[in-house]
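Heads up: the structure comes next, in structure tokens.
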Amino acid sequence: MAIGGHVVTEALEDLGAQHVFGLPGFHILGLWEGLRSSSLSYVGFRTELAAAFAASGYARATGRPAPLLISTGPGALISLAGMMEAASSHDPVVGIYSQIPDDAIGKGRGFPHELRDQAASFAPIVKWLGAAHSAEQIPAVLQEAFAQALRPPSGPVYVEIPVDVLEAETTVTATGVGPVEAERQVPPPGRLNEAARLLDAASRPVIWAGGGVGRSGAATELRALAEALQAPVVMSFMGKGAITDEHPLAVGSFCEDQPFVDLVTNADVVLAVGTELGAEATRDHSIEFAELIQIDAAPERIGATFPALGLVGDAKATLAELLVRVTQRRRDQQVEGLVARIRDEVSANHQERGHELEPRLLETIEAALPTDAVNVFDMTILGYWAASYYRSTSPRRWLYPLGSGTLGYAWAAALGAKVGVPDAVSFAVMGDGGSLYALQELASARQQDIAAKLLVIDDGGYGVLRGYQQESYGGTHGVDLVQPDFKQLAEAFGVPARRTSPDRLGVDIEWSLEVDGPALLTMPAMLDMYEPISADTVGSEA
Ligand SMILES: Cc1ncc(C[n+]2csc(CCOP(=O)(O)OP(=O)(O)O)c2C)c(N)n1
Ligand SMILES: [Mg+2]
């Protein structure tokens, strides 16, 4: 006899899901019973936080909704920071959470795991909340959840299914649901024409690409529009991958460097697409735009950080509409020369300031990994460098938790990404501090044979915070950490590991790629924070 849990797994299968992420609890065992006879591949984690990060990484690397199965109360709350990161990074995670019995919710009758209002904890974070109060309601609720998660701008959703619904016998058989596609909204023609006129009239247009370009699959349209307008393309930290560095119009994502700021402020029209133009990318919103056109799928984001002519729509569909409206320009050597000069100026700055090690580490990683590798950087010093300065290859290959700046994300996200794109290398870089949110997942990687690779850069503490403390207060406190031997720790989990050094890093990454299954590298190193070219840097062309 089928139970509610079977209806969930059948509906997920019919919606096209292949993998589910999670961690079980008493209230959700009905769903685990469904998994036992399902074709869904269950990927288990040792904390709900890691399961949520993994679902996020899977969703970001594949663009597919990632079902996340989590139990009531404490388990649900432990996943919250992962859902927050998914929300600010717009990853379509479909959270399916159990609950105490349906008729007891909110009554305070003392059930284990009971929260006064579980959904209320998620309401300010997720895009959409749903609940199934009977087995009959499950398929439609899940179909709506998938559609809501995917609808641009994509993001996590929360579905609540009480324990009694998951466990009760049911005669519901056919789910009646099927795979859902993201809707692609386009702005009204009048608006598009107005934007195209502004772009055509611009003598120094610039395109600013955010994470929405990659998520929407708009890289081809972006590139074509940049070529049509002969517009340099800059990227926000989360937009990396929107255009490849190989392209002569690709500037980079070093938003804090003065040449980037100058390019954008000297532009007569900036076309921003799929970016919130947030504080980190705009020097705390101090950048001044001559004229801004903003494409965003969320109407409330238009003008939220800067006044703009708003084009409410999906990035891919809207760029395609603009492309047929603008006049094609001839290839402009001057623009390409300007882009090349800006790139050279930023890399020369690192040399001039004596930052030899950090760019070298990034170049070593770039050289050792295939260009289609998934790169996952944590909130660690080298991650900050990478956000500005690591190569940009293609969409869905740059995973960085700057949606919310969530420390501890990278390893679990890299595991999720590896599950989603098994043929690509998935490589995570974490600091020693962040890694201790995550190293228990070496066990998950080993048990389930998920062949992601992890580099831990060990500076014996919270280096980023050391740097900020020193700069702001002239001293440090509470940021030095006594750490385990990461190599021995990995080996205790059955994961092959090597201690490496900046000079051996390339060779050791290659070794890690040859290891069958997960592998860990640990590298003692003290790194300097990324130092952008500021307005008053001598020698800047500002
Ligand atoms: C969940 C969470 N907690 C705390 C922080 C604050 N934080 C940002 S960077 C950092 C230190 C990271 O240390 P480590 O991982 O060793 O990298 P390092 O800075 O040393 O390179 C901390 C604690 C955060 N961003 N997210
Ligand atoms: Mg550290």
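Just so you know, ligand 1 is whichever comes first in the structure, and atom 1 is the first atom listed for that ligand. Start at 1 with the first residue, then count along the sequence. Side chains are part of it too, since the values below use all heavy atoms of this structure and drop only hydrogens, waters and symmetry mates. Please read all numbers here as calculations on a predicted model, not as lab measurements.
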Ligand 1 atoms nearer than 4.0 angstrom to some heavy atom of Tyr437 are 1 (C), 2 (C), 3 (N)

Backbone or side chain, does any N or O of Asp459 fall under 3.5 Å from an N or O of ligand 1? yes

In ligand 1, the atoms that come under 4.0 Å of a heavy atom of Val464 are 9 (S), 18 (P), 19 (O)

Sub-3.5 Å donor-acceptor pair from the side chain of Lys240 to the main-chain atoms of Met235, do we have one? no

Evaluation steps, side-chain hydrogen bond (donor to acceptor under 3.5 Å, both in side chains), between Glu85 and Ser89: CA-CA 6 Å; Glu85 181 56 44; Ser89 300; 2.5 Å; yes

Side chain of Asn375, backbone of Tyr400: donor and acceptor closer than 3.5 Å? no

Give a rough value, rounded to 10 degrees, for the angle at the Mg ion (ligand 2) between atoms O of Gly461 and OD1 of Asp432. 100°

If you scan protein heavy atoms around atom 2 (C) of ligand 1, the nearest is Leu407 CB, 3.6 Å

Could you tell me how the ring of His19 sits relative to the ring of Phe21: parallel (under 30°), tilted (30 to 60°) or perpendicular (over 60°)? tilted

How about Tyr389 and Pro359: do any of their side-chain heavy atoms sit closer than 4.5 Å? yes

d(Ile365 CD1, Arg391 CZ) to nearest 0.5 Å is 10.0 Å

Is the side chain of Glu114 donor-acceptor paired with the backbone N or O of Gly73 at a distance under 3.5 Å, no angle test? no

Are any of the side-chain heavy atoms of Ser435 and Asp378 separated by less than 4.5 Å? no

So if I count the atoms of ligand 1 from 1 in the order they appear, which ones are less than 4.0 Å from some heavy atom of Gly461? 13 (O), 14 (P), 16 (O), 20 (O)

What part of Leu465, side chain from CB on, backbone N/CA/C/O, both or neither, has a heavy atom under 4.0 Å from ligand 1? side chain

Measure from the Mg ion (ligand 2) to each N, O or S atom of Gly433 and report whether any distance is below 2.8 Å. no

Pick, from Ala438, Gly433, Gly467, the option with the minimum heavy-atom distance to atom 16 (O) of ligand 1. Gly433

Can you list the ligand 1 atoms lying under 4.0 Å from a non-hydrogen atom of Gly434? 14 (P), 15 (O)

Which of the atoms of ligand 1 are close to Thr380, meaning less than 4.0 Å from one of its heavy atoms? 17 (O), 18 (P), 21 (O)

Suppose we only count N/O/S atoms under 2.8 Å; would Asp459 qualify as near the Mg ion (ligand 2)? yes

among protein heavy atoms, the one nearest atom 9 (S) of ligand 1 is Met379 O, 3.6 Å

So, regarding Gly405 and ligand 1 (criterion: nitrogen or oxygen to nitrogen or oxygen, under 3.5 Å), is there a contact or not? yes

Specify side chain, backbone, both or neither for Asp432, according to which of its non-hydrogen atoms lie closer than 4.0 Å to ligand 1. both

Mark up the atoms of ligand 1 that fall under 4.0 Å of a heavy atom belonging to Gly463, in ascending order. 18 (P), 19 (O), 20 (O)

Please verify the inter-ring angle class for Trp398 with Tyr390; under 30° counts as parallel, over 60° as perpendicular, anything in between as tilted. parallel

Within 6.0 angstrom of Met84 CE, more than 12 heavy atoms from elsewhere: no

